[in-house]
2 protein chains.
Amino acid sequence: MQNPSETPPGRWERLPSWLLTQTAGHAHRLVADGFSSVGARGYHYRLLATLDDFGPASQATLGRRSGIHASDMVATINELADRELVERAPDPADRRRNIISLTDAGKQQLRRLEKRLAERQDELLAPLSPEERQRLTELLSRLLDHHNQRTGTPEEPWS
Amino acid sequence: MQNPSETPPGRWERLPSWLLTQTAGHAHRLVADGFSSVGARGYHYRLLATLDDFGPASQATLGRRSGIHASDMVATINELADRELVERAPDPADRRRNIISLTDAGKQQLRRLEKRLAERQDELLAPLSPEERQRLTELLSRLLDHHNQRTGTPEEPWS
DNA sequence: GCACGATCATTGGTGGCACCAACGATTCGG
DNA sequence: CCGAATCGTTGGTGCCACCAATGATCGTGC
């Protein structure tokens, strides 16, 4: 947010939504810096982690599992495939699909990202005691679950 | 985040940074929807509120007070001035400056935005008890203060 | 009194994330 | 077998937060 050398508390400064978006901004900056130190960004991590968790899959499936939109998935895979962290192969059983899989270099990269990520969690929560960290994550989880339920994220209700 | 009908907890799903950015996403969506229902967005509210709090000022000053970057300030003021919510007049005492001031229509709009904003805070915190809301905002404030201190926001240290 | 450095408004970019609409190709279901 | 659904892809949108550069104007130090 730049350099507000003249910041007596704007009237919005203590609103929950502001506190949330601002701390999230710091969190995002911390994590993104960690990722970018190895030439990656959030989508890359999410895709690599999803592949590692569930194994090779089509782009559409990966999109559903990782929460990355199909149209963003294309670019993400392109970027990872260019660096050979991921492999894109046609599915012989369904010619509409590509099967994406993790390469060894991709697994290595994932481990690097995981390490950076963990470090940054600690930086993020630095001013809080272990009990406070616990309470914060619990409260945030409750909020998130509530709003995820309300807003889509149907978790296969109709299947 | 679209419609992840196939979302068994990604390994990152309980990380503090994830909880934070996701809940912030919901918070932002809620507030932005409220704002857009009267044709505004976050920058508009912040600018109007800053003008209301401190009175007319130059664009540079407004930028410092509201945390909006100078280059974004131009567009924001253009948009508000087009709708006559704000007035841009040359400063006779310094021809580099424009003096921006709130019109009556602008004040009205601000009141509308404030109302929407308050409603959305409540929606955002719906699943939490009053005490829990209190604890959450306290924890977030601590986090935010810590990181604001670390990252710029010098609050006029050298003057 | 004047040159130099700072400040101001403005333009035109960048990046990350999350979306949407539309398309051709392919597959599936009735 | 035909229409509906799915898949990958392209090329947009919006919001927020930045950066660099430019021409005008101001203020200060000498």
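Naming convention: chains lettered A, B, ... in sequence-line order (proteins, then strands); numbering from 1 in each chain. The basis for the numbers below is simple: all heavy atoms, side chains too, and nothing from hydrogens, waters or symmetry mates.
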Closer than 4.0 angstrom, basic N to acidic O: yes or no for [X] and [Y]?
X      : Y      : result
B:R111 : B:E114 : no
B:E131 : B:R135 : no
B:D91  : B:R96  : no
A:R41  : A:D72  : no

[X] has an atom [atom1]; how far is it from atom [atom2] of [N], in whole Å?
X     : N      : atom1 : atom2 : answer
A:F35 : C:dG15 : CZ    : P     : 19 Å
B:L62 : C:dT10 : CG    : C1'   : 16 Å
B:D72 : C:dT14 : CG    : C1'   : 12 Å
A:D91 : D:dG8  : CG    : C1'   : 13 Å
A:Q22 : D:dA17 : CD    : P     : 6 Å
A:M73 : D:dT6  : CE    : P     : 17 Å
A:R29 : C:dG15 : CZ    : P     : 18 Å
B:H26 : D:dC15 : NE2   : C1'   : 17 Å

Using a cut-off of less than 4.0 Å, is there contact between a side-chain N or O of [X] and OP1 or OP2 of [N]?
X     : N      : result
B:R46 : D:dA17 : yes
A:N78 : D:dT9  : no
A:Q59 : D:dT9  : yes

Among [options], which is the nearest nucleotide to the side chain of [X]?
X     : options               : answer
B:A60 : C:dC8, C:dT11, C:dC17 : C:dC8
B:R64 : C:dC8, D:dT9, C:dA9   : C:dC8
A:H28 : D:dC15, C:dC17, D:dT9 : C:dC17

Per-nucleotide protein contact string for nucleotides 21-30 of chain C, where B marks a base within reach and S marks sugar-phosphate only (heavy atoms under 4.0 Å, - for neither) | ----BBS---
Side chains of B:S17 and A:R120: donor-acceptor distance under 3.5 Å anywhere?
->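 No.
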Which part of the nucleic acid does A:G25 contact within heavy-atom distance under 4.0 Å: base, sugar-phosphate only, or nothing?
->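 Here A:G25 touches no strand at all.
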What distance separates B:E13 CD from A:D53 CG, expressed to the nearest 0.5 Å?
->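 Answer rounded to 0.5 Å: 10.0 Å.
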Where each residue is assigned the nucleotide of DNA chain D containing its nearest heavy atom, which of A:I99 and B:A32 is assigned the position nearer the 5′ end?
->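 Of the two residues, A:I99 wins.
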For B:R88 and for A:H44, find the nucleotide of DNA chain C with the closest heavy atom, then tell me which residue's nucleotide is more 5'.
->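 It is B:R88, whose closest nucleotide lies nearer the 5' terminus.
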Over 12 foreign heavy atoms within 6.0 Å of CG, A:D104 =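 No, the 6.0 Å shell around CG holds no more than 12 heavy atoms from other groups.
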If you count the non-hydrogen atoms of other residues, nucleotides and ligands that lie under 6.0 Å from CD in B:E87, is the total more than 12?
->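 12 or below, so no.
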Are B:L128 and A:L19 co-members of a hydrophobic cluster defined by side-chain heavy atoms under 4.5 Å apart?
->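 Result: yes, single cluster for both.
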List in numerical order all residues of residues 109-123 of chain B for which some heavy atom is under 4.0 Å away from an atom belonging to DNA chain C.
->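 Of all residues in residues 109-123 of chain B, none places a heavy atom under 4.0 Å from DNA chain C.
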Give a yes or no on whether the backbone of A:T61 and the side-chain of A:S58 come within a donor-acceptor separation of less than 3.5 Å.
->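 Between the backbone of A:T61 and the side chain of A:S58 there is a qualifying donor-acceptor contact (under 3.5 Å).
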